[in-house]
Protein chains: 2
Amino acid sequence: MTVTLKDIAIRAGVTSATVSMVINNKPNISETTRKKVLKIAKELNYYPNVIARGLATKKSNSIGVIVPNLASSFVVRVLQGIKSTNRDIEYTVQLFDTIGQKERESQLFQRLARERRIDGVILISSTVTEEELNVFAEESVPSIIVARRCEHLDSVYVNNEQGAFDATEYLITKGHRNIACITTRKQGIPTEERYNGYLRALRSHQIEARSDILFDVNDDGMEDGIEIFDRLKNIVPRPTAVFVPAGDMVAIGIVKEAKREGIKVPDDLAIVGYDDIPAAEVIEPALTTVRQPKLEMGDYAINMIVDKIEGRESGIKHKELPTKFIIREST
Amino acid sequence: MTVTLKDIAIRAGVTSATVSMVINNKPNISETTRKKVLKIAKELNYYPNVIARGLATKKSNSIGVIVPNLASSFVVRVLQGIKSTNRDIEYTVQLFDTIGQKERESQLFQRLARERRIDGVILISSTVTEEELNVFAEESVPSIIVARRCEHLDSVYVNNEQGAFDATEYLITKGHRNIACITTRKQGIPTEERYNGYLRALRSHQIEARSDILFDVNDDGMEDGIEIFDRLKNIVPRPTAVFVPAGDMVAIGIVKEAKREGIKVPDDLAIVGYDDIPAAEVIEPALTTVRQPKLEMGDYAINMIVDKIEGRESGIKHKELPTKFIIREST
DNA sequence: TTGTAGGCGTTATCAT
DNA sequence: ATGATAACGCCTACAA
């Protein structure tokens with residue numbers, strides 16, 4: 001039924017070794033047989049069995065992409081960056097998600113590292129520790145982590161601290177002194193860094209950070225923003241600005257609730273989000289926010305991992321990308 | 001370096017055949033050797049080489065998911081549906097996108113169908129013809145198409161015609177007679193069906209369709225909506241409602257531009273979108289729209305394809321899911 | 001330039 | 001209950 005090298009070999013009057021060499025463009029094949037073999041291969045509509053090839057070469061020509069959650073627009077956008085370059089790359093992408101199930105995570109890593117199903121791994125924005133990622137190094141499966149810097153692993157990430165600094169400083173130069181900060185601890189390192197950037201900006205302008213206007217939300221939805229605003233509005237002195245490293249959706253919730261309560265944005269309350277999701281342009285006033293170069297991150301990630309797999313690069317590489325501050329109407 | 005069946009076999013004093021049987025829970029193995037083998041396997045931290053296994057069993061335990069474009073929130077959401085069920089399923093997901101490159105598409109199908117890299121294929125919302133999908137049938141690779149009904153292929157889809165009918169009829173019962181329709185032809189069958197539903201609703205209420213308020217946009221972004229509104233506003237008699245099967249982003253553009261021009265939504269102009277994207281709740285007034293059960297579609301798709309692959313179902317199956325009309329503030 | 005032979009790690013069919 | 005042995009389809013020395 002399916003055409004194999006052997007089928008071609010028989011018809012061409014050669015052995016499958018020869019056919020293999022032709023298919024793989026190896027040198028030292030006479031033009032005559034090359035032509036003949038290629039012709040027959042085409043007639044028979046031959047496609048190599050990649051599984052068999054993988055067994056022989058010990059390469060699957062496939063890379064794994066592990067994501068925490070496909071519901072995150074950040075993750076999807078990075079994925080898109082990975083895929084779009086991948087057009088010209090002869091690697092297949094296998095998608096895995098861990099949906100926060102902590103125990104399954106390291107199990108998944110084990111399997112991926114040892115089952116020889118993939119040649120390398122891209123890990124997007126996760127809360128795993130570096131230790132848990134060691135399996136890949138142990139099995140010498142190239143790996144790279146996106147959205148977070150890791151000392152002992154290749155990584156592609158954004159300067160979150162600086163992004164937050166820029167945003168906060170912008171608010172300060174606009175005259176704000178009481179700037180609330182809405183963050184989300186459980187999201188891990190990146191939000192932590194953003195918080196630090198916020199603090200640094202305050203410090204560099206001799207403004208004391210007020211702990212009563214620092215909030216920690218659990219999730220990053222619009223409802224969280226609504227709830228936060230309701231807590232925020234009664235605090236005195238009331239902040240005149242809010243920086244929301246927790247994400248744009250939370251910021252949007254705040255905008256909505258503020259408007260509903262008759263608070264004018266940005267006049268009474270300026271708001272800066274983080275991420276530049278599509279809805280940031282939809283809300284009125286349109287949201288000022290910090291954009292991360294998500295597509296670019298994906299792009300770097302796939303290229304770096306392919307280089308690693310093919311042995312073109314060695315040593316740990318870090319790629320830091322800049323954020324971009326997008327000024328719209330909410331400030 | 002890597003542990004194989006043979007390694008285990010040697011230490012256990014049996015052959016790799018026996019070890020294989022133990023690993024795969026085959027019957028007719030003495031408890032003693034089973035215990036012994038399992039113990040050694042664990043000590044050595046053995047994981048089967050799935051590539052080798054695939055060659056032997058002619059199964060890759062992997063399914064391909066082909067998407068036209070990861071930038072579409074519809075596609076991503078269906079993907080999410082596929083992945084979330086997939087947790088308990090022993091199939092890996094390989095992601096492919098075709099980014100509209102028509103010529104590459106059938107080439108991709110050829111490869112996927114013949115390279116034995118995947119056991120089955122899920123195709124999300126694409127404009128390919130049934131003919132192009134024949135390769136899968138020819139190579140007896142189970143396949144299923146999502147978001148569109150195909151006579152000769154398994155499919156999971158939504159009753160777009162009815163969804164559009166419901167939306168339009170709702171507008172009619174609200175007293176509207178001049179209802180514009182913004183569609184997007186190039187998106188293929190589903191939009192076509194929605195248009196038909198719109199027409200049917202008009203007919204069933206003896207309203208004549210006006211061709212001067214039927215618009216065709218090329219893309220489905222906010223800008224398209226803005227542009228459409230500017231064309232719409234000068235038409236007499238001016239429509240009092242707009243149904244936008246082209247999608248929520250276009251509808252949002254219309255809302256925004258209408259507001260900017262001082263037209264009151266919904267009082268002066270009622271607007272209904274299609275898809276229920278996250279931003280539909282963000283815009284003010286919140287958008288009335290037609291929701292498709294995207295997660296559910298992905299869920300059905302993965303389960304159907306797995307059943308097919310494992311030979312549990314045969315014959316062509318179609319699963320039609322209902323849309324849900326979401327009433328918000330724009331009507 | 002091409003053929004021979006062996007191996008990649010598993011599974012599956014026979015014997016034993 | 002277990003062992004030999006032969007696939008699976010391809011690649012790669014090495015030999016000719």
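Order of the sequence lines sets the chain letters (A, B, ...), proteins ahead of strands, with each chain counted from 1. All values reported here derive from a predicted model rather than from experimental measurement.
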Open item on the list: Looking only at the side chains, is there a donor atom on one of A:Lys59 and A:Tyr91 sitting less than 3.5 Å from an acceptor on the other?
Closed with: yes
TODO: Would you give a per-nucleotide map of nucleotides 4-16 of chain D, 5' to 3', where B means the base has a protein non-hydrogen atom under 4.0 Å away, S means only the sugar-phosphate does, and - means neither?
DONE: B---BBBSB----
Open item on the list: What is the first contacted nucleotide of DNA chain C and what is the last, in 5' to 3' order, if contact means an atom lying under 4.0 angstrom from a heavy atom of chain A?
Closed with: C:dT1 to C:dG9
Open item on the list: Evaluate A:Arg149 against A:Glu151 for salt bridge (Lys or Arg N to Asp or Glu O under 4.0 Å), listing each step before the verdict.
Closed with: CA-CA 7 Å; A:Arg149 186 187 170 100; A:Glu151 281 317 312; 3.0 Å; yes
TODO: State the CZ-NZ distance between B:Phe96 and A:Lys83, to the nearest 0.5 angstrom.
DONE: 6.5 Å
Open item on the list: Between A:Gln292 and A:Tyr157, do the side chains contain a donor N or O and an acceptor N or O under 3.5 Å apart?
Closed with: no
Task: Sub-4.5 Å side-chain heavy-atom contact between B:Ile124 and B:Met297 - done: no
Task: Residue pair B:Leu79, A:Leu95: steps toward the side chain to side chain contact (heavy atoms under 4.5 Å, CB included) verdict - done: CA-CA 10 Å; B:Leu79 190 58; A:Leu95 190 61; 4.1 Å; yes
TODO: Determine whether A:Ile63 and A:Ile118 make a side-chain contact, defined as any pair of heavy atoms from C-beta on separated by less than 4.5 Å.
DONE: no
